[in-house]
Amino acid sequence: MINKKIAIIGCGNLGQAILKGLIAEKNIDTKNIIATKRNIEALDEFKKYGVQISNDNAFAIQNSEIIIVALKPHNILSILHDLKNNFDIKKHVLVSLATGISIEQLKKAVELDLSIFRAMPNTAADVKESLTCISTNSKRSNDLETIKYFFNLIGETVIIDESLMESATVIGACGIAYVLRFIRAMIQGGIEIGFDAKTASTIVNQTVKGAAELLIKRKAHPEFEIDKVTTPKGCTIAGLNEMEHNGFSSALIKGIVASYEKIEN
């Protein structure tokens with residue numbers, strides 16, 4: 001599987017995050033990766049790693065086996081339709097990162113019964129810490145294992161039903177921004193109570209990382225860990241209650257629902 005040839009079509013921010021994650025994996029031969037973008041100068045930094053850079057999507061497809069399409073939802077179907085004659089049902093596996101575009105729509109665009117996957121990674125792929133949700137129409141188990149293998153190189157994968165892909169986008173991909181905004185607010189609070197920005201950032205970043213690791217490694221519910229630090233009449237519960245009185249959890253939930261409704265509409 002390591003020797004599979006990969007094309008990343010439309011290598012923007014998310015595509016480049018995935019590309020950086022693949023480059024960092026020592027078992028991947030970067031010469032087997034082709035990245036495309038209309039403005040290829042934006043990809044110049046990847047040439048030194050041996051990645052092939054091109055603005056020719058047809059060339060990239062013809063010379064690859066796994067086609068990761070990182071195009072915007074508004075133009076992915078028309079571009080794939082224009083490229084349909086370059087796909088080979090026996091050779092290619094198509095992976096779409098586009099929000100809101102179904103497997104059936106992708107299949108109609110290429111006019112082939114290809115092995116098609118939808119994948120929703122996030123920009124933490126850049127540091128090999130993505131969470132990628134995957135759904136597929138493929139009946140070939142080896143295709144699923146191949147796609148899982150490559151996305152596991154940049155983090156963790158979860159296989160879900162396609163009906164949940166939009167929800168996965170909100171929690172997993174948009175969720176990066178939600179968490180970063182929370183971190184930013186904690187840093188600002190830290191500065192207000194006396195820390196310089198650099199020190200506040202160091203403390204907050206490691207605290208957030210530690211909180212996530214507690215839940216991941218112990219498989220605990222957040223409230224279980226919260227209870228450990230909320231002593232009677234203590235400063236932690238005072239702070240938590242003040243946040244809740246000002247709508248902290250409610251605002252976050254409403255934001256998640258608003259993002260989901262934006263996709264659905």
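Numbering starts at 1 and runs along the sequence shown. The shown structure was predicted, so the numbers you read here are calculated from the model rather than taken from an experiment. These values consider heavy atoms only, across backbone and side chains, with no hydrogens, waters or symmetry-generated copies.
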When you compare the side chains of [X] and [Y], does any donor N or O come within less than 3.5 Å of an acceptor on the partner?
X    : Y    : result
T123 : D126 : no
S163 : D161 : yes
E162 : S102 : no

Which is it for I134 and V158 under the side-chain contact (heavy atoms from CB on, under 4.5 Å) test, yes or no, and what are the steps along the way?
-> CA-CA 6 Å; I134 298 171; V158 176; over 6 Å; no
Side-chain donor or acceptor of [X] paired with backbone N/O of [Y] under 3.5 Å:
X    : Y    : result
H81  : A109 : yes
N246 : E242 : yes
E129 : A124 : no
T36  : N57  : no
T157 : T132 : no
S64  : I66  : no
Q52  : K31  : yes

Please find the pair of heavy atoms, one from [X] and one from [Y], that lie closest to each other, and give the distance.
X    : Y    : result
S135 : I160 : CB-O, 3.2 Å
P73  : I101 : O-CD1, 3.8 Å
Q62  : K91  : O-NZ, 2.5 Å
K37  : A42  : CE-CB, 3.7 Å
D88  : K90  : OD1-N, 2.9 Å
C133 : L131 : SG-CD1, 3.7 Å

When you look at F117 and I103, which way does the side-chain contact (heavy atoms from CB on, under 4.5 Å) test go after all the steps?
-> CA-CA 7 Å; F117 288 76; I103 289 173; over 6 Å; no
Calculate, to the nearest 0.5 Å, the distance between atoms [atom1] and [atom2] belonging to [X] and [Y] respectively.
X    : Y    : atom1 : atom2 : result
I116 : N137 : CD1   : CG    : 5.5 Å
S130 : N122 : OG    : CG    : 4.0 Å
L80  : I61  : CG    : CD1   : 7.0 Å
N3   : N27  : CG    : CG    : 10.0 Å
K5   : D29  : NZ    : CG    : 10.0 Å
K4   : T146 : NZ    : OG1   : 5.0 Å

When you compare the side chain of [Y] with that of [X], does any pair of heavy atoms fall below 4.5 Å?
X    : Y    : result
P121 : L97  : yes
F87  : I67  : yes
L19  : I33  : yes
T99  : M120 : yes
I34  : I8   : no
V93  : L114 : no
L77  : Q105 : yes
I28  : L153 : yes

Audit row: N75, S78, side-chain hydrogen bond (donor to acceptor under 3.5 Å, both in side chains) steps and yes/no | CA-CA 6 Å; N75 63 7; S78 61; over 6 Å; no
Trace of the side-chain contact (heavy atoms from CB on, under 4.5 Å) decision for K107 with D113 = CA-CA 6 Å; K107 181 179 173 180; D113 192 18; 3.3 Å; yes
For the hydrophobic clusters of this structure (ILVMFWY residues joined by side-chain heavy atoms under 4.5 Å, transitively), does one cluster hold both [X] and [Y]?
X    : Y    : answer
Y49  : L43  : yes
V51  : I18  : yes
Y149 : V95  : yes
V127 : F151 : no
I159 : L106 : no

Thinking salt bridges, do [X] and [Y] make one under a 4.0 Å N-O criterion?
X    : Y    : answer
K84  : E111 : yes
K128 : E156 : no
R140 : D143 : yes

Among all residues two or more places apart in sequence or in another chain, which pass the side chain to side chain contact (heavy atoms under 4.5 Å, CB included) test with E41?
->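 E41 satisfies side chain to side chain contact (heavy atoms under 4.5 Å, CB included) with N39, D44 once adjacent residues are dropped.
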Not counting sequence neighbours, which residues clear side chain to side chain contact (heavy atoms under 4.5 Å, CB included) with I237? List them please.
->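 I237 satisfies side chain to side chain contact (heavy atoms under 4.5 Å, CB included) with T230, N241 once adjacent residues are dropped.
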Quick one: name the residues clustered hydrophobically with Y260, using the 4.5 Å side-chain heavy-atom rule over I, L, V, M, F, W, Y, and just say none if it's on its own.
->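 Taking Ile, Leu, Val, Met, Phe, Trp and Tyr as members, Y260 shares its hydrophobic cluster with V170, I171, Y178, L252, I256, I263.
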Could you list the residues that satisfy ring-ring contact (aromatic ring centres under 6.0 Å, His included) with F46, not counting sequence neighbours?
->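 Result, ring-ring contact (aromatic ring centres under 6.0 Å, His included) vs F46: none returned.
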Mind listing the side-chain donor-acceptor pairs of residues 204-222 below 3.5 Å, one per line with the distance, residues two or more places apart or on another chain?
from, atom 1, to, atom 2, distance (Å)
N205, ND2, S201, O, 3.2
T207, OG1, I203, O, 2.6
H221, ND1, E223, N, 3.0

Check: residues 179-188 side-chain donor-acceptor pairs under 3.5 Å, at least two apart:
none

